[in-house]
Amino acid sequence: MWHVYNLISIGDQLKASTIRRVQNESSTGTVDSQRVRLTLTITVENIDFDPQGGLLRIRGRIISENRYVKMGTYHTIELESNRNFTLIKPEWDIIALERVNEACDVTKQADVAAVVLHEGLANVCLVTQNMTIVRQRIEHPIPRKRKGSVTNYEKGLQKFFDQVMQSIMRHINFEIVKVVILASPGFVKDQCFEYIFAEAVKQDIRQLIENKSKFVLIHCSSGHKHALQEVLQDPSIQKQLSDTKYAQEVLTLERFFKMLNDEPDRAYYGWDHVRKAGERGAIGTLLLSDELFRAADIPTRKKYIKLVESVRAIGGKVLIFSSLHVSGEQLNQLTGVAAILNFPLPDIEEEEEEEENGQEAVVE
């Protein structure tokens, strides 16, 4: 629903099923009212989001004909999870389309992966900010250890570990995932880790070798999915997750403030300064509030989209902050747009001073 809130803008058209109280007058003049389910289309004028309940209230004028309501009257449509709606925009720009892709593709949200396992059972999961998705459940029978011989047991265990390794390579995108948690009771996680990286070296699997440092081993009670909850609550894992997407905005904002203090010619905020830095191809990291893309007028939105595209074109990084987080609130206090530059540009402020002096001279 947070993604939907960021998608819907004032001026869009929204079509959805809704309930409206309508009044009927009989031939005798008596009036009775009843609640009727209708499908209405409105032009969006006001958007209210309740993050706790995950509920969106969209108010606007009705633009579709209906036997119960007149065109041009106001109505509020409530949207919540699992309720279908149709959104019509004057223009689907790059930020709106990226928002749709991010909302629909769970692999783009998940920068933590976890494998919870015990002998013969493993769940390979992706962890997003809102949910845990089991990408594969692996069940493989392990023969029991027999007196005087453990060959069959060890072969079964190796086949099981090989299936886990193949699943990790298939389902985990190491370009996005920052941490891979291996969790199990006893020493199963250690044995699995040793097998995976012995095979990676033997087969020269660069995908695994280059990302070995991302693996974290931790104890859990079983290989079932529910054991992942206890793993994610472990303080040592919380520390490991500090450099994932959850904290990326906070760290970037801290870096901006440090740069503003230590090297002010490499840190700018406000539209005019950031735009000038962008025109010179100097922006290394662009910080934007999502509120800027909920701007009511399309020209304002377009100028920020043009800035995003120009920064990405030169290999710069763009971070869009959530205004419901503390870091987003701090960025909004700095006008909602800031930039960390690749090289100092002291002349930006000098230009501004010259412009101001020029204006004062004209006034005089």
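Keep in mind it's a predicted model, so treat the numbers as computed, not measured. For the single chain, residues carry numbers from 1 onward in sequence order.
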What do you reckon, is [atom1] of [X] surrounded by more than 12 foreign heavy atoms closer than 6.0 Å?
| X | atom1 | result |
| --- | --- | --- |
| Arg35 | CZ | no |
| Lys214 | NZ | yes |
| Lys302 | NZ | no |

Less than 4.5 Å apart, any side-chain heavy atom of Ile95 and any of Arg301?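 In short, these two side chains touch, coming nearer than 4.5 Å.
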In the structure I gave you, are the side-chain heavy atoms of His224 and Leu121 within less than 4.5 Å of one another anywhere?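 The answer is yes, as the side chains (C-beta and beyond) meet within the 4.5 Å cut-off.
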ILVMFWY cluster, [X] and [Y] together (side-chain gap under 4.5 Å):
| X | Y | answer |
| --- | --- | --- |
| Leu253 | Val318 | no |
| Leu345 | Met259 | no |
| Ile283 | Leu319 | no |
| Leu97 | Tyr5 | yes |
| Ile196 | Leu117 | yes |

Which residues pass the salt bridge (charged side-chain N to carboxylate O under 4.0 Å, His left out) test with Glu154, sequence neighbours left out?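 Partners of Glu154 by the salt bridge (charged side-chain N to carboxylate O under 4.0 Å, His left out) criterion come out as none, since no residue qualifies.
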Under the ring-ring contact (aromatic ring centres under 6.0 Å, His included) rule, collect the residues that match up with Tyr269, sequence neighbours excluded.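 Tyr269 satisfies ring-ring contact (aromatic ring centres under 6.0 Å, His included) with no residue once adjacent residues are dropped.
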Verify salt bridge (charged side-chain N to carboxylate O under 4.0 Å, His left out) between Lys212 and Glu210, making sure each step is shown before the conclusion. CA-CA 6 Å; Lys212 187 176 181 179; Glu210 290 168 6; over 6 Å; no
Stacked cation flag Arg59 on Tyr74, 6.0 angstrom / 45 deg: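 Yes; both conditions hold, so Arg59 lies above the ring face of Tyr74.
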Donor + acceptor pair across side chains of Tyr153, Gln158 (<3.5 Å):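 No, because no side-chain N or O of Tyr153 sits under 3.5 Å from a partner of the opposite role on Gln158.
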Give the ring-plane orientation class for Phe161 versus Tyr195, where under 30° counts as parallel, over 60° as perpendicular and anything between as tilted.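 The arrangement is tilted - the two ring planes meet at 30° to 60°.
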